Amino acid sequence: MSLCRFEEGLVIAVGKGEPADVMLQYGFKNVLSIDEYASYFDGIDPLSPYKTWKTRSLIDKAEKEPCKPPHTRNVFSERVEAAFVVSDPVDWGRDIQVLCDVLRSGGLPGRENSHQPPLFFANDDLEYQVSQLCKLDRVHDNALEYTCFGKPNPSVFRNAENILSHLPCCPNVEAYKGNSTITGTHLFKTIYMVGDNPAVDINGARQAGHPWFSILTRTGVFKGKENDPQFPADLVVDNVGDAVDYILRTEGFV
């Protein structure tokens with residue numbers, strides 16, 4: 001599915017930090033963060049009166065824009081064309097509530113159930129997706145439809161390999177001798193994927209295949225003594241330092 005068709009239409013961006021700025025940098029011209037979008041609707045988050053905390057990004061934004069003008073756009077009649085989950089949300093409950101209202105109403109919260117706008121996940125965060133699935137399926141006639149990019153999608157790894165192949169040569173590469181018309185490219189003998197999440201990091205490297213070599217660390221999601229049974233890595237180490245040591249020894253740097 002081409003995302004170019006959403007460049008002009010209203011899209012909402014979900015995630016910590018400044019997700020709308022990220023989308024703008026990718027060429028989308030009409031973007032609101034879910035924080036901004038929710039602020040147009042009184043009562044869309046019934047628990048908001050009890051939330052006294054603020055994120056660092058909201059505080060910084062308020063300091064930069066102390067005299068922000070009142071809302072000038074009419075989101076009540078402007079349909080949301082798509083929603084993008086750029087990263088893990090900060091306020092999961094509020095964001096799920098708003099997304100449910102947007103998705104079940106065809107992009108116009110407060111309206112009757114209608115065709116769901118496209119939903120995209122930039123990261124395959126299964127826990128968040130499951131939460132979203134359970135909530136939306138309770139208020140909509142049809143199951144949630146969504147598209148996932150990011151790990152473990154093999155396209156992410158192929159893109160990374162393609163970008164790396166155009167960097168200046170290093171000891172771990174050999175000259176490209178194929179039929180490519182692109183000059184200055186090279187093939188890697190090995191690309192190391194170091195991660196702590198078997199279902200995302202290791203699974204993605206396994207799907208991508210050669211030249212990816214997966215190293216699973218016990219410093220995050222994974223805490224097991226042995227290899228992960230469902231998505232076993234090529235190597236399991238205690239921490240990132242051990243992974244780096246292994247890579248340096250294998251590549252002959254030490």
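Since the model is a prediction, treat every value here as computed from it, not as a measurement.
A distance of 11.0 Å separates CG in Asp91 from CD in Gln97, rounded to the nearest 0.5 Å. The CG atom of Asp101 lies 12.0 Å from the CG atom of Leu108; values are rounded to the nearest 0.5 Å. Residue Asn159 holds its CG atom at 12.0 Å from CZ of Phe149, rounded to the nearest 0.5 Å. Note that CD of Glu18 and CD of Gln25 are 10.5 Å apart. Values are rounded to the nearest 0.5 Å. The line from CG of Leu103 to OG of Ser114 is 11.5 Å long, rounded to the nearest 0.5 Å. In this structure, CG in Leu235 is found 9.0 Å from CD1 in Ile247, a value given to the nearest 0.5 Å.
A pairwise comparison of heavy atoms in Asp238 and Thr219 identifies O-CG2, 3.2 Å as the closest pair. The two atoms that bring Ala205 and Trp212 nearest to each other are O-CB, 3.8 Å, heavy atoms only. Nearest heavy atom pair, residue Gln207 against residue Pro154, reads OE1-CG, 3.5 Å. Nearest heavy-atom pair, Ser77 versus Asn74, reported as atom, atom and distance to 0.1 Å: OG-ND2, 3.0 Å. Smallest separation of non-hydrogen atoms from Pro117 and Gly107: CG-N, 3.5 Å. For the residue pair Leu10 and Arg79, the shortest heavy atom distance occurs at CB-O, 3.7 Å.
Within the structure, ring-ring contact (aromatic ring centres under 6.0 Å, His included) pairs that include any residue of residues 220-246 comprise Phe213-Tyr246 (at least two apart or interchain).
Under the 4.5 Å side-chain heavy-atom criterion for Ile, Leu, Val, Met, Phe, Trp and Tyr, Val240 and Phe253 are members of the same hydrophobic cluster. Clustering ILVMFWY residues whenever any of their side-chain heavy atoms sit less than 4.5 angstrom apart, transitively, puts Ile202 in a cluster other than the one holding Val200. The hydrophobic cluster containing Val221 does not contain Leu216, counting ILVMFWY residues as joined when their side-chain heavy atoms lie under 4.5 angstrom apart, directly or transitively. Val156 and Ile163 fall into different hydrophobic clusters, where Ile, Leu, Val, Met, Phe, Trp and Tyr are joined by side-chain heavy atoms under 4.5 Å apart, directly or via other members. Cluster membership check: Ile44 shares its hydrophobic cluster with Tyr40, using side-chain heavy-atom separations under 4.5 Å among Ile, Leu, Val, Met, Phe, Trp and Tyr.
No side-chain heavy atom of Arg218 sits less than 4.5 Å from a side-chain heavy atom of Val237. Under the 4.5 Å side-chain criterion, counting only non-hydrogen atoms from C-beta, Ile191 is in contact with Glu161. The closest side-chain heavy-atom distance from Pro109 to Phe41 is below 4.5 Å. Using a 4.5 Å heavy-atom threshold, the side chains of Val98 and Asp45 count as separate. Tyr192 is listed as a side-chain neighbour of Ile215, based on a closest heavy-atom distance under 4.5 Å. Contact check for Thr217 versus Val194: side-chain heavy atoms found under the 4.5 Å cut-off. For the pair Phe120 and Pro118, the minimum side-chain heavy-atom distance is below 4.5 Å. The shortest distance between side-chain heavy atoms of Leu47 and Arg94 does not fall below 4.5 Å.
Judged by distance alone, with hydrogens and angles left aside, the side-chain atoms of Glu36 form a donor-acceptor pair with the main-chain N or O of Ser33 at under 3.5 Å. For Trp92 (side chain) and Pro89 (main-chain N/O), a donor-acceptor pair under 3.5 Å exists by modelled atom type. In this structure a side-chain-to-backbone donor-acceptor pair under 3.5 Å is present from Arg206 to Pro232. In this structure, Gln116 contributes its side chain and Glu145 its backbone to a donor-acceptor pair below 3.5 Å. Without hydrogens or angle criteria, Ser214 side chain to Asp234 main chain gives a donor-acceptor distance under 3.5 Å.
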request  = Begin with the C-alpha distance, continue with both residues' side-chain angles, and end with the deciding distance and a verdict on side-chain contact (heavy atoms from CB on, under 4.5 Å) for Phe84 and Ile12.
outcome  = CA-CA 6 Å; Phe84 291 82; Ile12 55 176; over 6 Å; no
task = Let me see the working for Lys151 and Asp201 under salt bridge (Lys or Arg N to Asp or Glu O under 4.0 Å), right down to the final yes or no.
result = CA-CA 7 Å; Lys151 299 178 299 183; Asp201 301 323; 2.6 Å; yes
query = Do Ile34 and Leu99 pass the side-chain contact (heavy atoms from CB on, under 4.5 Å) test, and can you show the C-alpha distance, the side-chain angles, and the key distance before you say yes or no?
reply = CA-CA 9 Å; Ile34 199 162; Leu99 279 177; 4.1 Å; yes
Worked verdict on Val102 versus Tyr37 for side-chain contact (heavy atoms from CB on, under 4.5 Å) = CA-CA 10 Å; Val102 169; Tyr37 187 78; 3.7 Å; yes
task = Could you please spell out the steps behind the side chain to side chain donor-acceptor pair (under 3.5 Å) verdict for Asn30 and Glu78?
result = CA-CA 11 Å; Asn30 190 8; Glu78 188 175 6; 2.9 Å; yes
inquiry  = Set out, in order, the CA-CA distance, both residues' side-chain angles and the distance that settles side-chain contact (heavy atoms from CB on, under 4.5 Å) for Ile96 and Cys100, then state yes or no.
reply    = CA-CA 6 Å; Ile96 289 176; Cys100 281; 4.1 Å; yes
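Aromatic ring centres of Phe121 and Tyr146: separated by under 6.0 Å.
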